[in-house]
Amino acid sequence: MKKLPRKFFERSTLEVAGDLVGKVLVFGDKKAVITETEAYFGDDPASHGSRGVTKRNFPMFGPAGHTYVYFIYGMYFCLNITTEKEGFPAAVLIRGVRVLDTNELFNGPGKLCSHLGITKKHNDIDVCRSGLVYVADAGIKLKAKKTPRVGIKKNAHKKWRFVAV
DNA sequence: GAATAGATCCGC
DNA sequence: CGGATCTATTCA
């Protein structure tokens, strides 16, 4: 499998979010096909990065190809991968994966993080350099469908969610 | 220092 | 539809 280069993540967030569907997320010895993503970037009020850099969202402002893991609702972690250029807040939320081998399906950012064991320890990891966490192209072709994002109130009508059909 | 909203999930 | 459960951010 080919590990995706930083160049892949340095494109527009919407393109990266769409292209990530069908790619393989490698986390330690686990591999999972990404089936669902959402895009968060710029001054979109639903994005954590829309009101400037903070202690929580700083990876969104860093270089592309880094993880951004945050804790939400007191119980769940959510995994993002940052995109675009350094200084511009942008990331793709991984919402759903299908684990290879076991064929388990995790539809939801909180569920996939708890099952794969993703925690705050994995925040701000460079997926282009790390051998532990990265994204690869396994030659799988999945078509992505654009739908409205879920779980947000602001800018909810924007079709920035990509689901494998 | 205190209040509160939050990129969720599950059970009723 | 409400509760669990806690943190970062916002507000006073």
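Reminder, nothing fancy here: chain letters follow the sequence lines and each chain counts from 1.
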Nearest 0.5 Å please: distance from the CD1 atom of A:Ile125 over to the CG atom of A:Leu79.
9.5 Å
Runs of at least three consecutive Watson-Crick or G-U pairs, both distances under 3.5 Å, are what I'm after; which ones involve DNA chain C?
B:1-6 with C:6-11, B:8-11 with C:1-4
Which residue pairs pass the ring pair (Phe, Tyr, Trp, His ring centres under 6.0 Å) test with at least one member in residues 3-36 of chain A, sequence neighbours excluded?
A:Phe27-A:His122
Heavy atoms within less than 4.0 Å of DNA chain B: which residues of residues 43-51 of chain A have one? Give them sorted by number.
A:Ala46, A:His48
Could you pull out all residues at least two apart from A:Asp137 that satisfy side chain to side chain donor-acceptor pair (under 3.5 Å)?
none
Quick check for you: to the nearest 0.5 Å, what is the distance between A:Asn107 atom CG and A:Arg98 atom CZ?
10.0 Å
Do A:His48 and A:Tyr70 make the cut of ring centroids closer than 6.0 angstrom?
yes
How far, in whole Å, is B:dA7 from C:dC11 if one measures between their C1' atoms?
23 Å
Indicate the atoms forming the closest heavy-atom contact of A:Asp124 with A:Pro59, along with that distance.
OD1-CB, 3.9 Å
Using a heavy-atom cut-off of 4.0 Å to chain A, what are the terminal contacting nucleotides of DNA chain B, in 5' to 3' order?
B:dG6 to B:dC10
With the criterion being N/O to N/O and under 3.5 Å, what pairs connect the protein with nucleotides 2-7 of chain C, and how long is each?
{"from": "C:dT5", "atom 1": "O2", "to": "A:Tyr73", "atom 2": "O", "distance (Å)": "2.6"}

When the P atoms of B:dC10 and C:dA8 are compared, how many Å lie between them, rounded to an integer?
24 Å
Suppose the criterion is ring pair (Phe, Tyr, Trp, His ring centres under 6.0 Å): which pairs have a residue in residues 127-162 of chain A, not counting sequence neighbours?
A:Phe41-A:Trp160
Take atom P in C:dT5 and the same atom in B:dA2, then report the distance between them in whole Å.
23 Å
Looking at DNA chain B, which of residues 149-165 of chain A put a heavy atom within less than 4.0 Å of it?
A:Gly151, A:Ile152, A:Lys153, A:Lys154
Sequence neighbours left out, what passes ring-ring contact (aromatic ring centres under 6.0 Å, His included) with A:Phe77? Give chain and number order.
A:Phe71
Flag yes if more than 12 heavy atoms outside A:Arg6 fall under 6.0 Å of its CZ atom; otherwise flag no.
yes
Is the side chain of A:Asn123 donor-acceptor paired with the backbone N or O of A:Lys120 at a distance under 3.5 Å, no angle test?
no
Residue pair A:Gly49 / A:Met60: nearest heavy atoms and the distance that separates them:
N-SD, 3.8 Å
The criterion is side chain to side chain contact (heavy atoms under 4.5 Å, CB included); which residues satisfy it with A:Leu142, sequence neighbours excluded?
A:Val21, A:Val33, A:Ile140, A:Ala164
Sticking with atom C1', work out how far C:dC6 lies from B:dC12, rounded to a whole angstrom.
24 Å
Pair A:Arg149 + A:Glu38, salt bridge at N-O below 4.0 Å
no
Sequence neighbours left out, what pairs pass ring pair (Phe, Tyr, Trp, His ring centres under 6.0 Å) with at least one residue falling in residues 98-117 of chain A?
A:Phe106-A:His115
Side chain to side chain contact (heavy atoms under 4.5 Å, CB included) with A:Met1: which residues, sequence neighbours excluded?
A:Val24, A:Val26, A:Lys31, A:Ala136, A:Ala138
